[in-house]
Structures are given as structure tokens and as C-alpha cells.
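Notes to accompany the following structure.
Indexing begins at 1, ligand by ligand and atom by atom, following the structure's order. Bear in mind that the values here come from a model prediction, so they are computed numbers and not experimental data.
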Amino acid sequence: MKTQTALLRYPWETRLTTVDLPNDPLPDHALIRVEACGICGTDLSTAADVNSSSWHPFGHEVAGIVEKVGANVTAVRLGTKVVLESSSFCGTCSVCRNGRVDLCNKAPNFWQQPAMGFSTYMMAPGCCLVPYDGLTPEAACLAEPAGVAYDMVKTAGIALGETVAVVGPGPIGLMAVALALRSGASEVWCIGRGHSAQRLKVAAAMGARVYPWDKSLGEAEDLHRKFNHVLLTAPVQHLPECLNLLSYGGELTYVGIGVGDGHVSFDANDFHFRKLQLRASFASPAIYYPHVLKLLAGKALDVNLLVSHRLALKHIDQAMHLCRDKKDTVVKVVVLPGADGSMGLA
Ligand SMILES: [Zn+2]
Ligand SMILES: [Zn+2]
């Protein structure tokens with residue numbers, strides 16, 4: 001069978017093409033009709049990465065409907081609404097058996113498939129399919145980035161009454177604001193560039209105190225030594241200045257995308273004498289989907305605040321450029337492949 005799929009390459013080029021999928025899924029795979037797929041910061045980084053000069057499929061924040069299943073796929077059936085884990089744990093290796101499934105990425109995933117989330121149809125391993133109900137597809141496809149925010153807040157280990165600064169008001173940062181408040185933070189500040197006006201508005205709507213800031217945080221003396229936690233979702237170059245924001249014994253939790261030079265330096269004496277801590281969050285494998293689906297359904301993570309733009313698959317190029325050029329109005333862009341009448345070309 002044939003599917004329409006979007007391909008991406010540097011610099012910021014997309015094109016729609018038709019690719020062949022097997023008529024019947026492999027025994028451990030399922031055919032998914034994509035209903036919604038979010039554009040992620042990773043996609044934008046890839047578009048801007050000079051090393052990504054060959055065409056490849058993309059889109060990993062996927063909600064869809066199971067259309068066919070392979071013989072070994074038993075957890076879902078025809079018509080099940082699913083979200084796709086962007087990577088999964090295997091359940092059988094020694095790391096998994098020791099109870100740290102969060103450290104295993106050995107299960108099959110969909111990253112090598114000829115069509116990914118920005119497609120009408122795609123194949124995916126059965127192990128990555130998580131059934132859902134009671135959500136729109138555009139809300140459900142936020143499960144993947146919501147899992148990233150969830151992992152970050154869980155990694156931070158916020159205690160009741162602690163103060164939190166979220167630096168970087170992208171979708172992950174905004175969801176981290178909501179989850180940090182739910183975790184018991186007494187106050188959450190959201191710090192972002194002044195041009196991210198709409199994102200800061202959403203942060204305020206989610207309960208954060210907003211702090212627009214266009215200079216170095218090293219100069220923001222009113223914020224220094226103020227927070228028990230900093231959750232950094234902005235480029236890693238901001239890490240050293242964010243350490244200034246931590247109170248004695250404070251913890252900085254970082255999630256980032258490895259693009260460009262990842263080296264930073266900071267004053268180890270200050271780090272030592274103030275008993276600071278540094279933690280990395282990386283939601284791969286993608287876990288906690290059952291939790292985040294409930295948080296999305298219960299409006300703790302409000303899709304109406306988060307999704308600012310919805311576009312059809314044929315407008316994928318416009319969708320990507322919106323993310324690049326309209327930082328003042330874009331929060332999260334979701335592509336709805338079913339919305340443009342260009343369903344499967346079977
Ligand atoms: Zn993502
Ligand atoms: Zn494993």
C-alpha cells in the first residue's frame with residue numbers, strides 16, 4: 001500500500017512524497033492511520049542542523065488509529081486509538097530486570113520506518129503502542145512531550161513548598177510549570193525571552209509568575225539564590241548562569257537537545273561550597289504515558305492553552321516555518337493528517 005509522507009532535510013526544507021508500505025504489517029508491527037502529530041523542538045533542530053542534509057521522514061509525537069495488526073500484536077486491535085512511545089524498553093535485559101526500565105532503549109521503535117508521524121499511514125512496533133480514550137487526537141499526541149516534562153519534574157524531585165524556576169517557556173517548559181505546581185511547589189516562576197510573549201502568557205495561565213528576560217541571568221540579581229530548583233529547558237549554554245538562581249543546596253535539572261557545542265563551564269568552587277546538584281532528564285525510553293494521558297484528560301495539562309496552531313499535512317512546510325519565524329505567537333503546532341482530505345492512497 002502507499003502512504004503520503006513528509007520528508008525533511010537541512011536547511012528547513014520539507015517535501016511531501018508517496019512511499020510504499022507492506023500490505024500486511026510484519027508479525028510484531030501494526031499499521032497506524034495517523035490522526036495528529038506534533039512538531040517538536042527536535043524537528044526544528046534537525047531542520048537547522050547542517051549534518052541533516054539528506055531527506056528523511058520525521059514526526060515522533062503521534063496519535064492514531066490501529067488499522068491492521070501483525071500476528072504477534074495482541075495488546076491492541078483494529079480501531080484502537082493509540083499514542084506511540086518514541087522509544088520503548090525491552091522488559092527482558094538485565095537493566096530492565098533490575099527495575100530500571102527507564103535506562104533501557106533496546107525495544108524496537110519506529111525511527112527507521114519509511115514513514116513517520118507526518119504521514120497519513122505509518123508502521124510501528126506493537127510494543128510502542130499505548131491505547132487511549134477520552135481525548136482528542138491533538139491532545140493525545142501531546143503525550144510524548146508531556147512525558148518529557150513529566151520525566152524532568154520527577155527527576156527534579158520537587159518537595160512540598162519548594163520554589164521552582166522554569167527557564168525556557170517552550171511546550172516542555174510550560175508543561176513543567178503545570179506539573180511542578182501539581183507536585184507541590186509553593187511558587188513557580190517561568191523565565192523566558194521577551195519575544196516569547198504568547199508562551200509567557202500561557203505560563204501565567206498555568207499558574208506561573210512570569211519573568212521576561214533578554215539578558216544574561218547572571219545579571220538578574222533579584223533572582224539570584226532564590227530557588228530550590230531550576231528546571232532548564234533552554235539551550236545548555238544557559239546552564240552556568242542558571243546556577244546563580246539556586247539557593248543553598250539547590251538542584252538544577254536539565255533537559256536539552258544535543259545540537260551544536262554541548263560544552264559549558266562553571267565555577268566548581270561555588271558549586272561545591274553551596275552544595276548544589278545537577279541532574280539530567282532524558283525521557284528515552286518514553287515512559288509515564290498512562291500518567292500523562294490522565295493529566296491531559298483532567299486538564300492539568302491544558303491542550304487548549306498549549307496547542308496554538310493546527311495545520312493539515314499538505315501544509316507541513318508552512319507549519320515548520322511558523323515554528324521558526326513566529327516565536328511571538330507559536331506555542332505548539334500540531335499537524336492533522338486527516339484534516340486535508342488526503343487520506344491513504346491505498
Ligand atoms: Zn519530541
Ligand atoms: Zn531492557
Side-chain angles (χ1 to χ4, degrees), residues 6 8 14 28 34 36-49 52 56-64 83-111 113 116-119 122 124-128 130 137-153 155 168-176 179 199 231 233-235 254-259 280-289 292-293 296 301 303 306-309 316 319-320 322-324 330-335:
L8 173 69
T14 59
D28 293 312
V34 180
C37 184
I39 293 184
C40 173
T42 314
D43 302 321
L44 308 180
S45 301
T46 305
D49 181 0
S52 300
H56 59 277
F58 68 123
H60 60 269
E61 302 179 353
V62 190
V83 282
L84 277 58
E85 291 176 347
S86 48
S87 62
S88 305
F89 59 86
C90 77
T92 56
C93 74
S94 56
V95 172
C96 284
R97 290 193 190 283
N98 283 330
R100 289 298 304 272
V101 297
D102 59 308
L103 300 179
C104 169
N105 263 318
K106 292 203 183 103
N109 58 55
F110 56 74
W111 289 84
Q113 292 291 325
M116 285 179 49
F118 297 122
S119 304
M122 66 181 284
C127 64
C128 81
V130 181
E138 71 174 59
C141 80
L142 296 184
E144 202 270 350
V148 176
Y150 188 104
D151 188 79
M152 181 178 215
V153 171
T155 299
I172 304 290
L174 293 171
M175 289 194 270
L179 296 178
R199 293 175 172 203
L231 309 182
T233 69
Y254 170 70
V255 66
I257 301 162
V259 167
S281 163
F282 177 33
S284 179
I287 48 182
Y288 310 125
Y289 275 28
V292 295
L293 286 166
L296 286 161
L301 296 171
V303 62
L306 290 162
V307 176
S308 57
H309 296 75
I316 183 70
M320 289 291 287
L322 255 177
C323 295
R324 184 188 68 182
V330 165
V331 183
K332 183 78 176 174
V333 176
V334 170
V335 171

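Inclusion of Glu61 in the first shell of the Zn ion (ligand 1) is supported: an N, O or S atom falls under 2.8 Å.
Between the side chain of Lys332 and the backbone N or O of Ser308, no donor-acceptor pair lies under 3.5 Å. Side-chain atoms of Thr233 come within 3.5 Å of backbone atoms of Gly168 as a donor-acceptor pair (strictly under, hydrogens ignored). The backbone N or O of Pro171 sits nowhere less than 3.5 Å from a side-chain atom of Arg199 that would complete a donor-acceptor pair. Side-chain N or O atoms of His309 include none that pairs as donor or acceptor with a backbone N or O of Val334 at under 3.5 Å.
Protein N/O/S atoms found under 2.8 Å from the Zn ion (ligand 2): Cys90 SG, Cys93 SG, Cys96 SG, Cys104 SG.
Nearest N/O/S atom of His60 relative to the Zn ion (ligand 1): this is NE2.
Here the rule is side-chain contact (heavy atoms from CB on, under 4.5 Å) with Leu179, and of Leu301, Leu174, Leu231 only Leu301 fits it.
Using a 4.5 Å cut-off on side-chain heavy atoms (C-beta onward), His60 and Asn109 make no contact.
Taking all atoms of both residues into account, the shortest heavy-atom contact from Arg97 to Thr92 is NE-O, 3.0 Å.
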